[in-house]
Amino acid sequence: MPNIIFYFTGTGNSLKVAKDIAKEVGDTTIWPIGKQHKLSGKYESIGFVYPVYCGGLPAAVERFVKELDIAENKNAYFFAVCTSGAMGGGLSNIKKIIAEKGGKLSYGENIKCFANYICMYPMAKNVDKKAQLQAEATKTAACEIKNRAVKPILRNGLISLFHGGFVKSLKSKDKGFNISIACNSCGICEKVCPVANIKIMDGKPSFGGHCEQCVACIQWCPNQAINYKNKTQNRGRYHHPEITVGDIINGIKL
Ligand SMILES: Cc1cc2nc3c(=O)[nH]c(=O)nc-3n(C[C@H](O)[C@H](O)[C@H](O)COP(=O)(O)O)c2cc1C
Ligand code: SF4
Ligand code: SF4
């Protein structure tokens with residue numbers, strides 16, 4: 001039976017993890033959360049890979065998993081791998097959602113990656129070192145998943161106490177964006193937004209009020225023309241070194 005991994009990503013860390021696990025496991029489709037999917041037929045394993053946001057699940061991931069129909073696949077091997085800058089989280093939430101649907105999350109892991117939240121802090125310089133550590137940790141997780149390992153799901157850290165407030169604050173996040181004169185209307189920001197929150201209008205990005213704060217638009221704009229308030233102008237930009245803007249826009253077929 002085939003396998004499927006649903007991923008959410010802003011700067012490619014989670015997409016790279018999903019890709020590496022899929023390669024190791026074999027016969028695996030990787031599918032972006034944000035694009036509707038109806039699970040039809042039976043799957044051997046169903047995985048979720050996503051970044052930790054404020055100690056918890058991205059709101060878009062929570063919505064997606066809640067809406068996913070697993071009726072035909074309750075006995076599949078479910079796994080979740082979150083990527084984070086420092087501390088894990090969001091695994092106990094997804095375990096609960098899957099359990100409410102009659103499935104069982106058998107495996108949960110956190111992979112430490114480059115910390116990408118540019119609205120909060122400057123981008124560090126150790127991109128390659130972090131990518132290497134990410135790859136090593138992913139290799140271990142991928143082998144465990146291939147062997148259908150069962151791993152206890154860790155509780156969220158203390159930071160998750162602020163997760164509810166973070167999700168509520170998303171409604172007003174659009175107001176923080178500003179576009180500089182460096183914008184050349186290329187449209188990349190519209191294409192990389194995982195939740196279709198950006199439309200190019202009169203040659204400039206316009207935000208639709210349902211931002212997830214994934215920072216993809218800020219990080220992938222080739223002209224560094226998107227900024228958040230006055231915080232990101234001098235912070236450099238990051239994306240995973242082995243993930244291209246084309247991978248984000250078109251997905252990856254193995
Ligand atoms: C809105 C936001 C909140 C974040 N919160 C956390 C956090 O609570 N703990 C943490 O370790 N990293 C946090 N990070 C860092 C990301 O989880 C990490 O860099 C992740 O690997 C990014 O994945 P991506 O490249 O697939 O988007 C946050 C990033 C963003 C954009
Ligand atoms: S990606 Fe940057 S340059 Fe391109 S349209 Fe968006 S803001 Fe403008
Ligand atoms: S508007 Fe930008 S930060 Fe918000 S969800 Fe879209 S790409 Fe991510």
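Indexing begins at 1, ligand by ligand and atom by atom, following the structure's order. For reference, positions follow the sequence shown, starting with 1. Values reported hereafter were calculated over all heavy atoms of this structure, with side chains retained and with hydrogens, waters and symmetry mates removed.
Counting only heavy atoms of the protein, atom 5 (N) of ligand 1 lies nearest to C54 N, 2.9 Å. With hydrogens left out, the protein atom closest to atom 17 (O) of ligand 1 is V52 O, 2.8 Å, a heavy atom. The protein heavy-atom contact nearest to atom 2 (Fe) of ligand 3 is C217 SG, 2.3 Å. Scanning the protein for heavy atoms near atom 6 (Fe) of ligand 3, the closest one is C193 SG, 2.3 Å. Taking atom 19 (O) of ligand 1 as the reference point, the nearest protein heavy-atom neighbour is F114 O, 2.7 Å. Atom 27 (O) of ligand 1 has as its closest protein heavy atom G10 N, 2.7 Å. Closest to atom 8 (Fe) of ligand 3 among all protein heavy atoms lies C214 SG, 2.4 Å. Counting protein heavy atoms only, atom 25 (O) of ligand 1 is closest to T11 OG1, 2.5 Å. E212 N, 3.3 Å is the protein heavy atom nearest to atom 5 (S) of ligand 3.
Each protein N, O or S atom less than 2.8 Å from atom 8 (Fe) of ligand 2 was counted, giving 1.
For ligand 1, the polar-atom distance check finds an N/O of T83 within less than 3.5 Å of one of the ligand's N/O atoms. At least one N/O-N/O distance between N13 and ligand 1 falls below 3.5 Å. Ligand 1 has a nitrogen or oxygen under 3.5 angstrom from a nitrogen or oxygen of G85. Among the atoms of F166, none of the N or O lies under 3.5 angstrom from an N or O of ligand 1. Taking only nitrogen or oxygen atoms, main chain and side chain alike, T9 reaches within less than 3.5 Å of ligand 1. The shortest N or O to N or O distance between N116 and ligand 1 is below 3.5 Å.
Note: F177 and F207 have parallel aromatic rings, judged against thresholds of 30 and 60 degrees for the angle between ring planes.
Y238 and N13 share a donor-acceptor pair across their side chains, judged by distance under 3.5 Å alone. Neither side chain, Y77 nor E44, offers a donor N or O lying under 3.5 Å from an acceptor on the other.
Note that CG of L15 is 9.5 Å distant from NE2 of H240, once rounded to the nearest 0.5 Å.
The side-chain contact (heavy atoms from CB on, under 4.5 Å) test applied to A225 returns S180, A182, C183, C221, N223, not counting sequence neighbours.
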